[in-house]
Amino acid sequence: MKVIITVVGKDTVGIIAKVCTYLANNRVNILDISQTIVQGYFNMMMIADMSDSAKPFEELAGDLEQVGEEIGVKIKCQREEIFTKMHRI
């Protein structure tokens with residue numbers, strides 16, 4: 001199952017490391033990643049495969065939101081099929 005993970009917020013040290021460490025610890029494979037920093041604001045989008053994840057989607061998404069709160073960014077995780085349908089219109 002593929003998911004889309006977005007991370008947005010003020011740039012600080014360790015954002016990518018914290019998010020990627022969480023994903024690796026839960027056996028979520030990052031398939032594609034793009035990140036930019038514009039005038040001090042961090043923006044990252046990932047496509048990840050959670051087929052082998054130790055946690056169900058809902059728990060993973062909730063945990064990622066908590067990770068975001070800890071580091072001062074907003075993290076959203078959506079199932080790929082929902083993301084695709086929302087952005088097709």
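Here, residue 1 is the first one in the sequence, and each next residue gets the next number. Hydrogens, waters and symmetry mates are skipped; everything else that's a heavy atom, side chains included, is used. On a predicted model such as this, the values are computed, not experimentally measured, just so you know.
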Peer 1: Under the 3.5 angstrom rule, does the side chain of R27 hit a backbone N or O of A54 as a donor-acceptor pair?
Peer 2: no

Peer 1: For the hydrophobic clusters of this structure (ILVMFWY residues joined by side-chain heavy atoms under 4.5 Å, transitively), does one cluster hold both I33 and V19?
Peer 2: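 I33 and V19: one cluster.
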
Peer 1: Under 3.5 Å, which donor-acceptor pairs do the side chains of residues 38-45 form with other protein atoms, sequence neighbours left out?
Peer 2:
none

Peer 1: Can you check whether M46 reaches I4 side chain to side chain, under 4.5 Å on heavy atoms?
Peer 2: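 No, too far: nothing below the 4.5 Å cut-off.
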
Peer 1: Using every non-hydrogen atom in the two residues, find where V28 and A48 come nearest and quote the distance to one decimal.
Peer 2: CG1-CB, 3.7 Å

Peer 1: Search all heavy atoms of V73 against all heavy atoms of V7 and return the closest pair with its distance.
Peer 2: CG2-CG1, 3.7 Å

Peer 1: Kindly write out the residues that satisfy side chain to side chain donor-acceptor pair (under 3.5 Å) with K55, not counting sequence neighbours, or none if the list is empty.
Peer 2: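 So K55 forms a side chain to side chain donor-acceptor pair (under 3.5 Å) with D63.
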
Peer 1: Please determine which of L23, I47, I30 meets the side-chain contact (heavy atoms from CB on, under 4.5 Å) test together with I5.
Peer 2: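 Among the candidates, only L23 passes.
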
Peer 1: Would you check if K18 and V67 make a side-chain contact, meaning some heavy-atom pair closer than 4.5 Å?
Peer 2: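 Yes, close enough: below the 4.5 Å cut-off.
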
Peer 1: I need the I16 CD1 to T21 OG1 distance, nearest 0.5 Å.
Peer 2: 11.0 Å

Peer 1: Could you measure the distance from the CG atom of L60 to the CE atom of M1? Nearest 0.5 Å is fine.
Peer 2: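 L60 CG to M1 CE: 9.0 Å, rounded to 0.5 Å.
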
Peer 1: Just to verify, what does S51 make a side chain to side chain donor-acceptor pair (under 3.5 Å) with, not counting sequence neighbours?
Peer 2: D49

Peer 1: Hey, what do you get for CE (M50) to CG (L31), rounding to the nearest 0.5 Å?
Peer 2: 12.5 Å

Peer 1: Can you name the nearest heavy-atom pair linking I75 to L64, along with the distance?
Peer 2: CD1-O, 3.4 Å

